[in-house]
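So that the names make sense, note that chain A is the first sequence line, chain B the second, and so on, each numbered from 1.
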Amino acid sequence: MADVTETTGASTSEDKQPVVPEPKRLWSEEVEDEEVQQSTSEEKAVSELNVDALAIDENKKVNKFLDEPEDSRIQAVTTGDTPYTSASTFEDLNLSPELLKGLYVEMKFHKPSKIQAISLPMIMTPPYKDLIAQAHNGSGKTTCFVLGMLSRVDPKLQRPQALCICPTRELSIQNMEVLLKMGKYTGISSECAVPIESGNNDRSRSRPPISAQVVIGTPGTIKRLMSQKKLGVADMKVLVFDEADHMLAKDGFQDDSLRIMKDIQRFNSHCQVLLFSATFDEAVKNFVSKVVKDYNQLFVKKEDLSLESLKQYKVNLPDELAKIQVVRDRILELGENIGQIIIFVNTKHSAKMLHQSLVDLGYEVTTIHGALNLEDRDKIVKEFKDGLTQVLISTDVLARGFDQQQVNLVINYDLPVKFENRSEPHYEVYLHRIGRAGRFGRKGAVFNFIMTDHDLMIMRKIESYFNSPVAEIPSWNSEEDFKVALKAAGLL
DNA sequence: AAAAAAT
C-alpha cells in the first residue's frame, strides 16, 4: 500500500528494494460533517464514520503484494462542543514548514491516512483533550502520535515536552527512527530512554540528565530517570502510550504506567494523554476510561479488525516432528520467494528448541527473545530489517508494533493463549502477531499450527471471536496444498 | 506458571 499512511519501516526498506508504487488515497470530504455530529441526549457524540469512500488509482495497482485497504468503520466519540474537522490534507493541520517538509520529503506522504485524518485534529486542537485511539495494524498509528508530539513541542524550549512509552526496547527504537525521519528538518531534539548495555549497569546509572524535547522509551528506564530527577516533567505537554492496552493491563505495565502518569500529573495537570493500540479488550477499555478524563475516542469493532488482505490458514499436524517438517519442507523450501517470515512461539525455550532443530538441518534462521543480551537483540533485528535474514523466530517480544514491510508470512508455531487460563486464546496477541504481515494493506498469509484438540478449540474460539473463518490446509504433507494456499494469498 | 522491563 502507499506509504501515505505508512508508519515505519519505510526507512530501512525503501532504499533496498524497488519503491512500491503508491495508490492515491483520497478521503471523501463528507467524513467531516458526520464526525462532529452531536448527540442530543448526552455530552457524548457518537457517530459511525463510514470512511471507506476512498479512491485508488487503478493504474498503480501493480505490485503483487498490494491490495486495496479493507473498508472499515471507525467509531468516533467526542466530548464537549469542540468541533473537529477531519484533515483531508496535511496543510489543514497548521504544521510548521519544517514538519511538512519532513512529511513529504522524508516520509513521502501525500495525504493523511484514515486514522491520521480523524485523530490529528483531535490531538492538535485546543484544549488538547486526551485521546484513546484504536486503529488497524499497519494503518499508521505511529505517525499519528509522532506527528502529534512533534507538532506540540515548542522548538525554542530546550526541555522534555513530549514523552512516549513503549512495551519493548525494540519498539522504542523503531518509533525513534520514525521520529528522527519525520522531524529531520525541525531541529527538535530527541532521546531514547531504554537500557543501554547489558551486563554493565554502570553506564546507564551514570546517564546524564535528559534535556531532549521528545523522549521515547521503556517503562523501567523512564521511571528510574524520573525518580532520579534526570527527566523533568514540568514542561511535559504530551504523554503517549504506544500499545496502550498492554501498557495499562494488569499483566502488562499497569503499575509502571500509572506511576509515570501520576508523577507527571502531580506537577503538570494539563499534560495531554494519548493512548494508541490496535486492540482494547473490554476490561482494559473500562479501566482506561477511568484513567483519562474528558477524552475523545476512536474505536474499531473487533469483527472489523482482521485485515482483509491477510489470508489466514490452519494446518493440522500429528506431532511435534511434523511441525518441524512443515517449517522445513513447506515454509523454508517453498517460501524462498515470498518475502520475509516470522515464526512465533510461546516461550523462550520453544524458540531455542526450534532454532536448534532448524540450524541442525542446515537452515539459516535467527531467533530473538528477551533472554538474549541487548547487543545480540539489536544485531538480529537490524539484520532482519536490512533483509539479510529471511526467517526470524520470535517470542511475543516482537508480537506488537514491529514493522517490517517485507514480512509476508507469519506462522503461529504455538497458538497464543492467556497465561492465567490456557484454555482461553489470547485474542489480542493473536491479532498483533498476524498484523506483522500485511503491513499497510499488503498481501500476506498466516499459518496456524494445530497439533492437539486443545489447539483446535483455541483456533475455533479465535475464528468466532473475530468472525473471520480460517481456511484449512487439507494435508500437512502436501506441497501442492501449500502452493494453492500461498497462491490464494497472492504470494506465489 | 510467560513474555517483557527493570530492580
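One can place CD of Gln254(A) at 21 Å from P of dA3(B), the figure rounded to the nearest angstrom. What separates CD1 of Ile368(A) from P of dA2(B) is a distance of 20 Å, to the nearest Å. Between Glu243(A) atom CD and dA3(B) atom P there is a gap of 19 Å when expressed in whole angstrom units. Rounded to whole Å, atom P of dT7(B) lies 12 Å from atom CZ of Arg259(A). Residue Ile260(A) contributes atom CD1, which lies 14 Å from atom P of dA5(B) at whole-angstrom precision. Rounded to whole Å, the distance from NE2 on His349(A) to P on dA3(B) is 11 Å. dA5(B) atom P lies 13 Å from atom CZ of Arg400(A), rounded to whole Å. Atoms CD1 (Ile165(A)) and P (dA6(B)) sit 11 Å apart, rounded to a whole Å.
Taking only side-chain atoms of Pro195(A), from C-beta outward, the nucleotide of dT7(B), dA6(B), dA5(B) with the closest atom is dA6(B). The nucleotide whose nearest atom lies closest to any side-chain atom of Arg224(A) is, among dA2(B), dA5(B), dA6(B), dA6(B).
Between Lys223(A) and the phosphate of dT7(B), there is no side-chain N or O to OP1/OP2 separation shorter than 4.0 Å. An OP1 or OP2 oxygen of dA6(B) is reached within less than 4.0 angstrom by a side-chain nitrogen or oxygen of Thr221(A).
In this structure, the ring of Phe447(A) has its center no less than 6.0 angstrom from the ring center of Tyr413(A). The distance between the ring centers of Phe280(A) and Phe299(A) falls below 6.0 angstrom.
Residues from residues 208-219 of chain A with heavy atoms under 4.0 angstrom of DNA chain B, sorted by number: Thr218(A). Within residues 418-435 of chain A, the residues approaching DNA chain B are Phe419(A), by heavy-atom distance under 4.0 Å.
Within the nucleic acid shown, Arg377(A) comes within 4.0 Å of sugar-phosphate atoms alone, with no base atom in reach, counting heavy atoms only. Contact annotation for His246(A): base contact, defined as any heavy-atom pair under 4.0 Å involving a base atom. When heavy atoms are screened at a 4.0 angstrom cut-off, Asp256(A) is found touching no nucleic acid atom at all.
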* To do: Decide side chain to side chain contact (heavy atoms under 4.5 Å, CB included) for Gln406(A) and Arg439(A); before the verdict, give the C-alpha distance in whole Å, the side-chain angles of both, and the deciding distance to 0.1 Å.
  => CA-CA 8 Å; Gln406(A) 287 81 353; Arg439(A) 302 298 288 167; over 6 Å; no

* Criterion side chain to side chain donor-acceptor pair (under 3.5 Å) on Tyr363(A) and Gln390(A), from CA distance to verdict -> CA-CA 11 Å; Tyr363(A) 289 93; Gln390(A) 193 211 352; over 6 Å; no

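Under the 6.0 Å distance and 45° angle rule, Arg152(A) counts as a cation-pi partner of Tyr128(A).
Remark: Arg400(A) does not engage Glu428(A) in a salt bridge, criterion side-chain N to carboxylate O under 4.0 Å.
When side chains are defined from C-beta on, Asp245(A) does not count as touching Leu275(A), because their heavy atoms never get closer than 4.5 Å.
Taking all atoms of both residues into account, the shortest heavy-atom contact from Met236(A) to Ala162(A) is SD-N, 3.5 Å.
Counting non-hydrogen atoms of other residues, nucleotides and ligands closer than 6.0 Å to NZ of Lys184(A) gives a total of 12 or fewer.
The side chain to side chain donor-acceptor pair (under 3.5 Å) search around Lys352(A) returns none, not counting sequence neighbours.
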